[in-house]
Structure formats: structure tokens, C-alpha cells
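What follows is a short report on a single structure.
Atom set for the values below is all heavy atoms of this structure, side chains included, hydrogens, waters and symmetry mates excluded.
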Amino acid sequence: MKDRVKILARLYLDKDQAEISETTINDFCDWIMAEFQQLPLAIKASDFMRYETAAEMFADIEQDRL
């Protein structure tokens, strides 16, 4: 398994960078936003609040601090 991972990693690293069209980027962003809006939580996004770990974020959610 380790050899397979190394081979796949080498193939990934040696390839040219993919070019993604502006249309594809916009479609992806629209899809992400649609998925986000369907979440069963009333999430409030913030550019300033950061969590060091996922556990820290879930602890906040458990206290109804979304």
C-alpha cells in the first residue's frame, strides 16, 4: 500500500498544473453555496472567527454558538 501511495504521489507531483475555466470555477462556487444553504444548521460565517481544531468548532456548535 505504501508503494502505491508513493507512486500516486509521484504521478500527481510530476504532472502539469490543471487549468480550470472561469465557468467551471463559478459553477463550483455556486454548487458549494447551494450545498452550504441546505445544511440543517443556522450557520453564521465569519471572516474573523477561527478554530484551531474541528473539536473546538464542534464544542462551540454544541453550545448553540453557530
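Summarising the geometry, atom CD1 belonging to I20 is positioned 12.0 Å from atom CG belonging to D27; distances are rounded to the nearest 0.5 Å. Taken from CE in M57 to CD in E62, the straight-line distance is 11.0 Å, to the nearest 0.5 Å.
Here the side chains of R10 and I7 are not in contact, with every heavy-atom distance at 4.5 Å or above.
With F28 as the partner, the side chain to side chain contact (heavy atoms under 4.5 Å, CB included) test is satisfied by one option alone out of I32, I25, N26: I32.
Scanning both residues, E56 and R50, for their nearest heavy atoms gives OE2-O, 4.2 Å.
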